[in-house]
Every structure is written in C-alpha cells, then in structure tokens.
Amino acid sequence: MTTSDTETDTPQEPRDFIRERVRSDLTTGTMSQVVTRFPPEPNGYLHLGHAKSICLNFGVAKEFEGRCNLRFDDTNPAKEEQEFINAISEDVNWLGFKWDDEPKYASDYFDTLFGWAEQLIEAGKAYVDDLTADEIREYRGSLTEPGRESPYRVRSVEENLDIFRRMKAGEFPDGAKVLRAKIDMASGNINLRDPVIYRIVHKSHPRTGDTWCIYPTYDFAHGQSDAIEGITHSLCTLEFEDHRPLYEWLIENLPTPASPKQYEFARLNLGYTVLSKRKLTQLVQENHVNGWDDPRMPTISGLRRRGIPAVTIRDFISRLGVTKSESIVDPSLLDHCVREHLNKAAQRRMGVLRPLKVVIENYPEDQVEELDAVNSPEDEAAGSRKVSFSREIYIERDDFMEDAPKKFFRLAPGREVRLRYAYYVTCTDVIKDDAGEVVELRCTYDPETKGGDSPDGRKVKGTLHWVSAKTAVNAEIRLYSHLFTDENTAKLEDFLAAINPDSLEVLSDCKLEASLGEWPVGSTVQFERMGYFTTDLDSQDGALVFNRSMALRDTWAKIQAKG
RNA sequence: UGGGGUGUGGCGAAGUGGUCUAACGCACUGGUUUUUGGUAUCAGCACUCCUAGGUUCGAAUCCUAGCACCCCAGCCA
C-alpha cells in the first residue's frame, strides 16, 4: 500500500551553480521571472538521466516561482513518433510535474523558423550548398585543420532565396541541397564551420504531416524555440557546450523576441546500467529486455512498473547535485532512497518466496487460530490484521540449515526459533527425498508462547516469517538485479556482452498470506524480512504477480559472503 | 599540432584566501536497541583537496607550468 507523495521540494538556498545564477539574475533584476523548459526529442522513452533534467528545469521554475514548459524537440521526422510523445508526457506527469499550458513543439514554430532562415539569407549570412554530405564532411576539415569554403558559398542572395524556396516546395530529393549558416570555415570550433541549418527530408511528420519536406536542424530550432517561448535559462548537458557560440550567434543574427542564455551541466551516469537512449533502444529492439517498461530498465516507465515511487526518484535526484564534472553515481543511493520511503509508507505482510513445508507435530490437526499481526511498525494508524495459523505452514528455505554455523540464528535441527506473531517452534526432524534434498521439516511448538513471547523469559535469536498452508495464496514473484555486470558500461567496447544473465529471476510457487489475495495492482507491500513488492500489471485474480521493487538490507547475507 | 570542459575520501558533493588537522549524503566498519539479522541510534572512516613550483603572516581556494580524463569533424539531438 502506498501513501501519497510527500512534497520534498521546498524553496532552497544556493544548492548548485545554476540556481546560484538564477538567483543572481533575479536579484540583480537582469530578469523578472525565470522560465525554463524540458526539451525531449520524442524518439524514445524517458530514463533517469532525463529525470535529472526534469527535476532541474521544473524544480528551478517552481522554487523561483517561474514557469517551465514541456517542449518536444521534434525536428527530425525520420526518428520521431507519436508513441514517444505520449509516453514522455505520461512520465513527466507521473514524476509529479506540471507544465505551463499545453505541451509545446518545435514544430509549432516551423513557419517562423523558415522566415528567419530567409532573413538570414537576405542578410548574406546563409547559403544553399549543393555539396553532398560526404563532400561537406571533407570540406569541413578536421579537428586540427581548418575547413575549406564550399564553392557554393558565394551564391547571390536572390539565387539562395530562390533555391531555398524551391527546396521547401519539394523540388529536390533528400540530401540534394542544404541551407548553411555562413560563419567561419576556419574556426577552431567545428560547429561554427558553416553549420547546416536546414535539410531536405521527405518524410511525414507526426504533427505537421506532409506540409514540410525541409526541416531545421537542432541548432537552428532549439535556441530559436527557446527565444520564442521566452526561456530565460536554457539548461542542457555538457556535450552542447561547443554549441553555445552557435546558439549565441543565431540569437544575435536573428530578430528573436528574447535572448535566452544556455547553461550546461553534467549528465547523469548510473553504475551497472546504461543511460543512453541509443543503447536503451537497442536493448528493446533486440529483445534483450521485455520492452521499454521492463522493470530492469532505468526508464521512468520501467521504474514505475517495478514499483519505485516517484517521490523516491525526485529525492534521489535532489541528492545528486548539479555540477559540471562527469560522474558515475552508485545505484545504492537510489536503493537507499527507495527503502527510506517505503519503510514508512508500505504495510507489512508475510510472504514466502521459496517455500519449505513445516509440520508442527504437536499442534492439533484441525485447529486454526487467527493471530494478531501489526500492519506497520512505523505507522500505528495502519492498524492490525489477523493471520491464520495451522498445523502445516511454509517457511523460507533459506531459514533452515541442516549444519548450521553458530552465527546462524534461524531454524536447524534441535534449534528453537520464533514464528512471527505465532509461537516458538523447535525443529525435531528433517525429511529428505531420494536425492537427499530437504523436503519437509517436523517441529514441535510451545503453546505457552502464543503471540511470540515466552512467559518464562527464554529468548530466541531468530524470528521467521511463515504462511499457513491451509490459507496460503499462490503467486509468481519476479526478482530483479543489475542489468549489467559492469559498473562502468560506458567504457565497454561491447556493452551487450556485459548484460547480467541473472538480472531476472522468476519464482512461480510463492506462498503469500491470505490478505494479499486481493492486493490492488501497482500497490507496494513489504514482505517481512524479504523486501518491498509491487503487483505487476500482469497480475490477475487468482494469478498474482509481484515485482520485487527493492530488497531489504540483508546483514546475514553480508556475514555469509564474508565466510 | 585545433576548440571546449573537468579534476576534493570507495561513490556523489559542499567549500568563492583565515572559523578547513575539509560539511553533508551513500557505501563501508564496529557498538546499542529490536517479535523483520529490517528500522532507529551511537561511533569510526581525507594531517589532505590531480602534480610541481610560486604569491601570502596564512591557499582546496590566487598565479605559473605540467599531468590525467571527457566532449566535438551527423544533412542526430
């Protein structure tokens, strides 16, 4: 069961260089209001890297009482789809952010952009180039050598205007011509070597259909869209630093209604996963995972399906900070945020993932008791429930060891443990199959210890969760772990080779206490001692499916690992 | 041999010349509590801030020179 999201973003002081800048712009009166935007390209699903940008852009706007637009950067119909537009909108919403008015689209400004391109031509600052893509690359020079000017660079304004309009009219095939800004072929910054600003793409656009066959490039659309929307602080990732001079050149040379400024911050990298749209797309298309919302994916939809609450994602992002230094964040920080929240928010139940049958020999055959169990030690208001106890129960296989070391506080031959909320039991016999596999335990219980306390004050070290065989409901439980075996997937030559073969484990014969039989889809519960689990959308009446959202910290596993 | 960035503990990240023998969080280690080996709680964890010089009474913070790493040669964003 989940509680409502608690708002964590209260107005804060400094925090990072961007907020510092915004605050100073506001206090010096450089601008009266902050306006930001989150500008995804609709060519894939949103992931945690985007969450960082979303929290930054929407967060800054909210903290400084400004606005933030959701704007789709839909300038390349070859890659973009309506499905992604819908998914992105849903994810931003789910993360808890509201944009101003309707979502915006770069394609809303195609007419304006075209007019500005014409004006650039008229000013002699843009020209149509007939060079092929290969030739343009050749002419561009290299990182260390200047480029050469295209022979078409000297075309007259009239000719340029005429051809550009005919490009728009559809007279030329893809790639035949491009419009380039006339800047400086010798610049050390390659983005300034006459960048292409319009290209011919005969492709239907998800929003504008077939009305256009030429499309502005990112550089010619992004900053201009910012200006049209009155964006004050255009926040993007580090790889666009080189584009800032071009961003500024275009703003200066175009009659834009405003002069937004671009600021760059380091993108988020997370250990043991990939946060690159290209790689995530590949995982989906090549079926290495089961879709964009596979719970192993670092996508917003994947995390949602796994049962990670939106608040915890916001909390996680807020702890990261915003800087210009590249880093790889340890996923255990996200784990911590999730546990911290769920510990307070999730009710407790008992569920046995790998059942081992236990028969309590001195417990009457037909007796059934309804025992009181607390729903949440963290929230008294959550109340209590009854759990059914009987002669035959299931316990976790890992809670029994035949040759148990001293440090093992659970069940072993001759040892006594507490069954949570029930009785003390002592293991008297171990039953094995022909293969020597333990298939059943025999125990005796102490009737004096009902509820889990011993009147004679004798202590037991271990407390086990259990489920009555008579009333147990069956469920499938899916366990997830890191999608990759390497922390730094960016360094890998072949990232697919590092996919963790054990990232998904499906347990099909789990036994849950009866109260879980009608658990609502998408709700999260803690199975005591095991972790937090959320019903998957595959779950149906009589065929429950739970995702393990997050395991509990496991000190015993650590002790074991140490040997 | 070009241009743009970044370098503070295992991972993030404060720090903007003295209060730095360097915050905070995660991770890790040890103790206490405990009917979840969960939670909570206490304690420990960088004589040092990429390196080397220099300026200064005083530097992680200023200067100089190196070194390392990242990004850029899509008609992708």
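Labels below follow one simple rule: chain letters A, B, ... track the order of the sequence lines, proteins then strands, and each chain is numbered from 1.
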Verify ring pair (Phe, Tyr, Trp, His ring centres under 6.0 Å) between A:Phe408 and A:Trp556, making sure each step is shown before the conclusion. CA-CA 8 Å; A:Phe408 186 77; A:Trp556 169 239; 5.5 Å; yes
A:Cys236: which residues meet the side-chain contact (heavy atoms from CB on, under 4.5 Å) condition with it, sequence neighbours left out?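 Applying side-chain contact (heavy atoms from CB on, under 4.5 Å) to A:Cys236 gives A:Phe240, A:Gln262, A:Glu264.
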Measure CD/A:Glu326 against P/B:A68 and give the value in whole Å, please.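 Whole-Å distance recorded here is 16 Å.
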Check the angle between the aromatic planes of A:Tyr423 and A:Phe389 and answer parallel, tilted or perpendicular using the 30° and 60° thresholds.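 A:Tyr423 vs A:Phe389 ring planes: tilted.
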Enter syn or anti for the glycosidic conformation of B:G7, syn applying to angles within 90° of 0.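 Anti conformation here, the glycosidic angle of B:G7 being more than 90° from 0.
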Between B:G5, B:C70, B:G25, spot the one nearest the side chain of A:Leu238, thanks.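 Shortest atom-to-atom distance from the side chain points to B:G5.
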Taking B:C20 as the reference, what is the distance to B:U6 when you measure between their P atoms (whole Å, please)?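 Taking atom P in both B:U6 and B:C20, they lie 27 Å apart.
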Under-3.5 Å N/O pairs linking protein and nucleotides 75-77 of chain B:
| residue | atom | partner | partner atom | Å |
| --- | --- | --- | --- | --- |
| B:C75 | OP1 | A:Arg140 | NH2 | 3.2 |
| B:C75 | OP2 | A:Arg140 | NH1 | 3.2 |
| B:C75 | N3 | A:Gly175 | O | 3.3 |
| B:C75 | N4 | A:Leu131 | O | 3.1 |
| B:C75 | N4 | A:Ala133 | N | 3.0 |
| B:C75 | N4 | A:Gly175 | O | 3.0 |
| B:C76 | OP2 | A:Arg199 | NE | 3.2 |
| B:C76 | OP2 | A:Arg199 | NH2 | 2.9 |
| B:C76 | O3' | A:Arg199 | NH2 | 3.1 |
| B:C76 | O2' | A:Asn76 | ND2 | 3.3 |
| B:A77 | OP1 | A:Thr75 | OG1 | 2.6 |
| B:A77 | OP1 | A:Arg199 | NH1 | 3.3 |
| B:A77 | OP1 | A:Arg199 | NH2 | 2.8 |
| B:A77 | OP2 | A:Tyr218 | N | 2.9 |
| B:A77 | O3' | A:Asp73 | OD2 | 3.3 |
| B:A77 | N6 | A:His243 | NE2 | 3.2 |

Within the supplied structure, the quantity of interest is the number of heavy atoms (other residues, nucleotides, ligands) at a distance under 6.0 Å from A:Lys279 NZ; does it exceed 12? yes
Filtered N/O pairs between nucleotides 1-3 of chain B and protein, under 3.5 Å:
| residue | atom | partner | partner atom | Å |
| --- | --- | --- | --- | --- |
| B:G2 | N9 | A:Leu143 | O | 3.0 |
| B:G2 | N2 | A:Gly188 | O | 3.3 |
| B:G2 | N3 | A:Leu143 | O | 2.8 |
| B:G3 | O4' | A:Gly188 | O | 3.4 |
| B:G3 | N2 | A:Asp242 | OD1 | 3.3 |
| B:G3 | N2 | A:Asp242 | OD2 | 2.7 |

Ignoring hydrogens and angles, are the base of B:G25 and the side chain of A:Glu340 linked by a donor-acceptor pair under 3.5 Å?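 Absent.
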Taking the six-membered ring for Trp, is the centroid-to-centroid distance between A:Phe110 and A:Tyr215 below 6.0 Å? yes
